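This structure is a prediction, so every number in the text was calculated from the model and none was measured.
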Amino acid sequence: MLQIPYIRENKALVISRLAKRNIDATETVNAVIVLDEERRALQTELDNTLAESNAISKEIGVLYTSGQAEKAKGLKAKTSEFKETTKTLNEALNAKIEALNALLYTLPNVPNATVPAGNTDEDNVEIFREGAIPTLFDGALPHWELAKKYDLIDFELGTKIAGAGFPVYKGKGARLQRALIAYFLDKNTAAGYTEYQLPHLVNEASAFGTGQLPDKEGQMYHVTEDNLYLIPTAEVPGTNIFRDVVLNADELPVGITGYTPCFRREAGSYGAHVRGLNRLHQFDKVEILRVEHPDNSYKALDGMVEHVKDLLQELKLPYRILRLCGGDLGFTSALTFDFEVFSTAQDRWLEISSISNFETFQANRLKLRFKNSDGKNELAHTLNGSSLALPRVLAGILENYQTEKGIEIPEVLIPYTGFSIID
RNA sequence: GGAGAAUUGGCAGAGUGGUCGAAUGCGGCAGUCUUGAAAACUGUUGAGGGUCACACCUCCGGGGGUUCGAAUCCCUCAUUCUCCGCCA
């Protein structure tokens, strides 16, 4: 969530930048500023009342200990009016804070200056492309057909056990999944990220901390009995490691990586684009996550992009990088690069990674701070990205590496799979 | 799941209704001493709100209550520990 002093001091900038998301925030921003002024006025009034009442209470205490009970009783009578005033002011203040927060929760992060204007994913700007798109032989298949032909994934079985969108990986299909997870984790740890195994369910405070609540609860599976949420991404438990944490400056930067399954309800998604591995309720993902000094966060973002490029280069998959436009930018992000791998048989690009700088937007909610050079607590920047999301990488491998003899395995994965072809 | 105990500042640990944001120790920071370091000694050292800056206000696991006044009393929730039960 945005910081009020920042909104106050950069009002015009906030409004013009939010316009990149195609929202007119003028009214909300103005209302936030007014509500905040009113909040401070109420706070001051309450504080002054409390100060007066505290002073009298102290006096009463002194009178009692010095044996002047009668005088004390007289003062007691005087304090009753304070109680009423305090109560009223307190309620007014809380109502004001609630109204203020309700508005703040509706404001998304301020896009970075380099975010292009635009409405939909069609306005995203391609900034990099690499890897030749293979020309497939006659009779080449989409990945869901390949998965069936080589008995790698059983979608129907998953439907029987759980429901649509819960695939069952079998044999070499399962092994390939495990290989990818191990390969990604090895690459990430080699790049300096510390490996974590995180809870797959989180509490309300965590879901709030990374911004899934209060708005996007419909996208998460909710275990009502225990009021826990299944994670939609490792970002949630991973970033909440740092909730209410003050880091020393020399502890920055922090880089962590973790593999988790991800659960998404994806309510309302149907049709051809959800075929096969394209969109699932449960999928595997390896995530990288950083906590950075504000001065370094954009450099770190570039570093993460380079790191993911390296993975795709090694896997020899055709991919491109997009700079997301304002309209396609996530609620909490200031700048996002998407990676897409080309699905040859489907003739379309599939998103496999999304790397974002959230600046202080998450840190503000999380109260994630560091001691700056003045010895003051300052909000840190958080970043994260997938490295990588498994299903669409798998789809890309199956489709792009298919030959008439079978599916070849990318060379870097062979040490992990133990086989070099699926036939 | 049942019974009991606990939750205080970076850590340890006092504090059972009044001047307690909180003793003391450790740690951190600054200084004295020293060629330098250590030791010793002296001072300092939580967070948030608010203010030009002060003042002032809030916070002793979370929430609510009693009282003129709560770290201290009551209710409730959470967490941790011990014992019992169950169990990968």
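Between the CD1 atom of A:I97 and the P atom of B:G48 there is a distance of 16 Å, rounded to whole Å. Across the protein-nucleic acid pair, A:E9 atom CD and B:C52 atom P stand 12 Å apart, rounded to whole Å. At whole-Å resolution of the value, CG in A:L100 and C1' in B:G49 are 13 Å apart. Rounded to whole Å, atom C1' of B:A47 lies 17 Å from atom CG of A:L366. Between the CG atom of A:D244 and the P atom of B:U79 there is a distance of 17 Å, given to the nearest Å. B:U79 atom P lies 12 Å from atom CG of A:N227, rounded to whole Å. The nearest whole Å value for the distance from the NZ atom in A:K58 to the C1' atom in B:A70 is 14 Å. Look at NZ on A:K367: it is 16 Å from C1' on B:G46, rounded to the nearest Å.
You'll find that the side chain of A:V62 is closest to B:U19, out of B:G50, B:U19, B:G49. Set against B:G18, B:A47, B:G50, the side chain of A:Y64 has B:G18 as its closest nucleotide. Set against B:C57, B:A47, B:U19, the side chain of A:R369 has B:A47 as its closest nucleotide. When the nucleotides B:G69, B:U58, B:C56 are ranked by their closest atom to the side chain of A:A51, B:C56 comes out on top. Nearest to the side chain of A:N377, among B:G69, B:G48, B:C56, sits B:G48. Proximity note for A:R40 (side chain, C-beta onward) versus B:A47, B:U19, B:G50: the nearest is B:G50.
Between A:R369 and A:E378, no side-chain nitrogen of the basic residue sits less than 4.0 Å from a carboxylate oxygen of the acidic one, so the salt-bridge criterion is not met. Salt-bridge check for A:E84 with A:K87: failed, with every basic side-chain N at 4.0 Å or more from each acidic carboxylate O. Looking at A:K299 and A:D302, no side-chain N of the basic residue comes within less than 4.0 Å of a carboxylate O on the acidic one, giving no salt bridge. Comment: A:D151 engages A:K170 in a salt bridge, judged by a side-chain N to carboxylate O separation of less than 4.0 angstrom.
Of the residues listed (A:D328, A:T336, A:D338), the one engaging A:N124 in a side-chain hydrogen bond (donor to acceptor under 3.5 Å, both in side chains) is A:D328, and it is the only one.
Between B:G21 and B:C56, the two P atoms lie 12 Å apart (nearest whole Å). Across the C1' atoms, B:G62 and B:G13 are found 23 Å apart, a figure rounded to whole Å. Taking atom P on both B:C52 and B:G46, the two are 24 Å apart, rounded to the nearest angstrom. To the nearest whole angstrom, the two P atoms, one in B:U76 and one in B:G4, are 13 Å apart. Only the P atoms considered, B:C60 is 15 Å distant from B:U19, to the nearest whole Å. Rounded to a whole angstrom, the distance from the C1' atom of B:G27 to that of B:A12 is 10 Å. Rounded to whole Å, the separation between the C1' atoms of B:A71 and B:A22 comes to 8 Å. The gap from the P atom of B:G10 to that of B:A5 amounts to 29 Å, rounded to the nearest Å.
Summary of the strand contacts: A:Q43 and A:N94 both lie near RNA chain B, and taking for each the nucleotide with the nearest heavy atom, the more 5' one is attributed to A:Q43. Comparing A:K371 and A:L50 along RNA chain B, the residue whose closest nucleotide (by nearest heavy atom) sits nearer the 5' end is A:K371.
Of the nucleotides present, B:C81 is the one that pairs with B:G4 by Watson-Crick or G-U wobble criteria, both distances under 3.5 Å. Pair assignment for B:A55: none, as no Watson-Crick or G-U wobble contacts are both less than 3.5 Å. B:G18 is paired with B:C68 under the criterion used here, namely a Watson-Crick or G-U wobble arrangement in which both key atom distances are under 3.5 Å. Remark: B:C41 base-pairs with B:G31. Criterion, Watson-Crick or G-U wobble with two distances under 3.5 Å. Using Watson-Crick or G-U wobble geometry with both donor-acceptor distances under 3.5 Å, B:C86 finds no partner in any strand shown.
In this structure, A:N54 reaches the B:U58 phosphate: one of its side-chain N or O atoms is under 4.0 Å from OP1 or OP2. Neither OP1 nor OP2 of B:G49 sits under 4.0 Å from any side-chain N or O of A:R39. Residue A:K83 places none of its side-chain N or O atoms closer than 4.0 Å to OP1 or OP2 of B:G65.
When ring centroids are compared, A:F208 and A:Y105 come within the 6.0 Å threshold. Under the 6.0 Å cut-off for aromatic ring centres, A:H281 and A:F263 do not qualify, their centroids lying 6.0 Å or more apart.
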